[in-house]
> 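Once you've had a glance at the structure underneath, I'll fire off some questions.
Each chain gets a letter, A, B and so on, in the order the sequences are listed, and its residues count up from 1.
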Amino acid sequence: MTVRTRFAPSPTGYMHIGGMRTALFNWLWARHNNGSFILRIDDTDQQRNMQEAIGPILDAFRWLGLDWDEGPECGGDCGPYYQSQRRKLYDAGLQQLLASGQAYRDFEPAAETQAQREAAERAQQPFVSSRASLQLSAEQIQENLDAGTPHVIRLLIPRERQLTITDHVRGEVTWDCSLMPDPVIARSDGSPLYNFATVIDDSSMQITHVIRAEEHLSNTPIQVLIHEALGQQTPEWAHIPYVAAPGSKEKISKRKIDKYRKSPQFARLFEMGDEILGQIGLDATADALSPVMVAWYEQVGFTPAGVLNGLVRTGWSLDDRTELFSLAEMIEQFSLSRVIRSPAGLDPDRMLNFQSHWISELSDDARLQGCLGFLQRGGLLQDPVPAEAQQLTARVITLAGDRLRLFGDILSFREFFVAGEDYPFDEKAFAKRVLKKAETKEHLAALQAQLADASTWQAEALSGLLNTFLEQQSLRAGDVFPALRVCVTGKGQGPDLFETLELLGQERVLSRLTSSLQKAAKPEVG
RNA sequence: GGCCCCUUCGUCUAGUUAGGCCUAGGACAUCGGGUUUUCAUCCCGGUAACAGGGGUUCAAAUCCCCUAGGGGUCACCA
């Protein structure tokens, strides 16, 4: 039998990082088995702008390169793929259960049921349905129906059952059905509830493996019972642990972003993001854009491979040594049996580490393409990027080397993209490397004269010039190089100085040196 | 509170199914050293864990029991 897995998001308008991990596991299991991956929109209770609500979700899949064989946009043999359009199927299932007596119309007022539930809770007893409506005669039921008395449809739980499932990650899990209330499967307006619609859909879409977060574990006995009542085969189950917030065991949630901002584990990631998002005109404090959302990673310049590797290694491992997985390797190696049982916290440091690895695997051109958009949005490059600006960018990227961990990091090399001095200037570094020793200014002035006379402005020649200068003046590299760097880049450290000078160009180096020396002459100003 | 799940270094994890190869391995983070004009990279090294208590056994991270802690879920949400 071909494996068919599904991911069934409700249209919320964003893609949660934990949900993405669940989707990835489903996708990997399908691909690993040469099966199909289905995307289904669980919108039984939503009535909002669908495009707006599912767009970001589909975008996240597309960005990560996770394709779906059936679902929105592409359709498929088991469509439609929106629950809101599958009402006929649900109604038929409901009729079947009603006819077979495995479900019943419950006319008990909701307030009454609620009161019973509360009473049971107060008495510290498990709550089970009163089933008062089961005592109604056929005539009474018809009268109620004719009178339009509101009622829901409940599944009749077989209370004598002990129900055991064999879960791919939890093993055997057993429930005592005598402790379960009869679940509502259709609202008083006749519309189906999640547990019921899901079962109908999983069955009619021939889903073989339901891989979902463990918060659904308690829904499983109900779903098994519905499958059985309908005479359907049950899919195989795999309840994977939810993704926890860094350094905690709590499910990561978009409602706790303020708390995460203050957590030491998360701090670095937020800082990096804020720095970048601020420069490209996005609101870094918006709840919709945080490391809880997949979109955030794209917006700050993660690569899909980095995010994917991070996700697959939270809650799953191959063995005791393999950390790096390309998408192809994940497909090859993924298995449900090696999913971890306990919740795994999202680890920002490892995310970053995987990201640095995968960005370094990219071709020069891919890195260039990734960075250009950030420079444009940051206002440092025009929209059609002029050829020479592209060349410059490519050279800055090469120079930056592994300092470029995110595409968005290119924005921290602003000094190469502006003609004037509109870039951050590290005053502390300036004070330490330039102002601290009086003679440094003289050295820089002498050096500037030589740089002004330089006829060839290339790294190699500049290296020669600078080293010769050191010899002439009997100085050490540390006496001049760091100072020169601060003067022309505003930074206390960075990539190779000679390459930096070459890329900056003679004109900018000289003018920035001039203004730095002016500044040094009157340090009290500013 | 009921039901269910989980518990190995700071973090992600290997080892638990078939007890001995585990004086518990790896990775990330961290600390120290080396390379480098600085930073980053890279190389070398260090710190650091079987939740607790009882059993069973020649032998337990691994099996059994109890306790504790953490979490999920208890809707006419999904």
> Taking atom P in both rC12(B) and rC74(B), what distance in whole Å separates the two?
26 Å
> In whole Å, what is the span from the CG atom of Asn353(A) to the P atom of rG26(B)?
17 Å
> Tell me the interatomic distance from Leu324(A), atom CG, to rG26(B), atom P, rounded to whole angstroms.
17 Å
> Closest-nucleotide mapping onto RNA chain B: is Gln83(A) or Phe354(A) further toward the 5' terminus? I mean the 5' end.
Phe354(A)
> Between rA27(B) and rU41(B), how far apart are the two P atoms, rounded to whole Å?
16 Å
> For the rings on His216(A) and Tyr194(A), is their centre-to-centre separation under 6.0 Å?
yes
> How is Lys251(A) classified with respect to the nucleic acid when contacts are heavy atoms under 4.0 Å: base, sugar-phosphate, or nothing?
sugar-phosphate
> Tell me yes or no: between the side chains of Ser133(A) and Asp106(A), is some donor less than 3.5 Å from an acceptor?
yes
> Distance check, C1' atoms only: rA24(B) and rA61(B), in whole angstrom units.
8 Å
> Say you pick atom C1' in rC9(B) and the same atom in rC28(B); how far apart are they, in whole Å?
12 Å
> In the strands shown, is rU23(B) matched to any nucleotide by a Watson-Crick or G-U wobble pair with both distances under 3.5 Å, and which?
none
> State, to 0.1 Å, how close Asp182(A) and Ile157(A) come at their nearest heavy-atom pair, and which atoms those are.
OD1-N, 3.0 Å
> Going by atom type alone, with no hydrogens or angles, which donor-acceptor pairs under 3.5 Å involve a side-chain atom of residues 262-269 of chain A and a protein atom two or more places apart or on another chain?
residue   : atom : partner   : partner atom : Å
Ser263(A) : OG   : Tyr260(A) : O            : 3.4
Ser263(A) : OG   : Phe266(A) : N            : 3.2
Arg268(A) : NH2  : Asp349(A) : OD1          : 2.8

> Mind calculating the distance between CG (Leu193(A)) and P (rC77(B)) to the nearest angstrom?
5 Å
> What's the gap between rA29(B) and rC4(B) when it is taken at their C1' atoms, as a whole Å value?
34 Å
> If I take atom CH2 in residue Trp175(A) and atom P in nucleotide rC4(B), what distance separates them, rounded to the nearest angstrom?
9 Å
> Does the protein touch nucleotides 33-47 of chain B at the base, only the backbone, or not at all? Give it as B, S and - per nucleotide, heavy atoms under 4.0 Å.
----BBBBS------
> Decide if the gap between the ring center of Phe7(A) and the ring center of Phe25(A) is smaller than 6.0 angstrom.
no
> Any base atoms under 4.0 Å from Glu250(A), or only sugar-phosphate, or nothing? Heavy atoms, all strands.
sugar-phosphate
> Ignoring hydrogens, what is the shortest heavy-atom contact between Phe302(A) and Met351(A)? Give both atom names and the distance.
CE2-O, 3.9 Å
> Examine rC77(B): is either OP1 or OP2 under 4.0 Å from a nitrogen or oxygen in the side chain of Arg187(A)? Give yes or no.
yes
> Have Ser326(A) and Glu329(A) got a donor and an acceptor in their side chains that come within less than 3.5 Å?
yes
> Ile222(A) has an atom CD1; how far is it from atom P of rC76(B), in whole Å?
11 Å
> Between Glu121(A) and Asn219(A), which is nearer to the 5' end of RNA chain B once each is assigned its nearest nucleotide?
Glu121(A)
> Who does rA68(B) pair with, Watson-Crick or G-U, both distances under 3.5 Å?
rU7(B)
> Classify the nucleic acid contact of Tyr242(A) as base, sugar-phosphate or nothing, counting any heavy atom under 4.0 Å across all strands shown.
sugar-phosphate
> Can you give me the closest heavy-atom contact between Gly71(A) and Tyr81(A), atom names plus distance?
CA-CG, 3.6 Å
> Could you tell me how far rG20(B) sits from rU57(B) if I compare only their C1' atoms? Round to whole Å.
11 Å
> When the P atoms of rU8(B) and rG70(B) are considered, how many whole Å apart are they?
15 Å
> When the aromatic ring centroids of Phe325(A) and Phe334(A) are compared, is their separation below 6.0 Å?
no
> When the ring centroid of His168(A) is compared with that of His239(A), is the distance short of 6.0 Å?
no
> Would you mind reading off the distance between His239(A) atom NE2 and rU73(B) atom C1', rounded to a whole angstrom?
12 Å
> My understanding is that a pair needs two contacts under 3.5 Å, Watson-Crick or G-U wobble. By that rule, which nucleotide pairs with rA14(B)?
none
> What is the distance, to the nearest angstrom, from the CG atom on Asn195(A) to the P atom on rU73(B)?
14 Å
> Report which part of the nucleic acid His216(A) touches: base, sugar-phosphate, or nothing (heavy-atom distance under 4.0 Å, all strands).
base
> Please measure how far the C1' atom in rU7(B) lies from the corresponding atom in rU16(B), and state the result in whole Å.
13 Å
> Establish, from distance only, whether the side-chain atoms of Arg187(A) and Ser191(A) form a donor-acceptor pair under 3.5 Å.
yes
> Measure CE/Met180(A) against P/rC74(B) and give the value in whole Å, please.
13 Å
> Which letter, B, S or -, goes with each nucleotide of nucleotides 5-16 of chain B from 5' to 3', with contact meaning a protein heavy atom under 4.0 Å?
SSS---BBSSS-
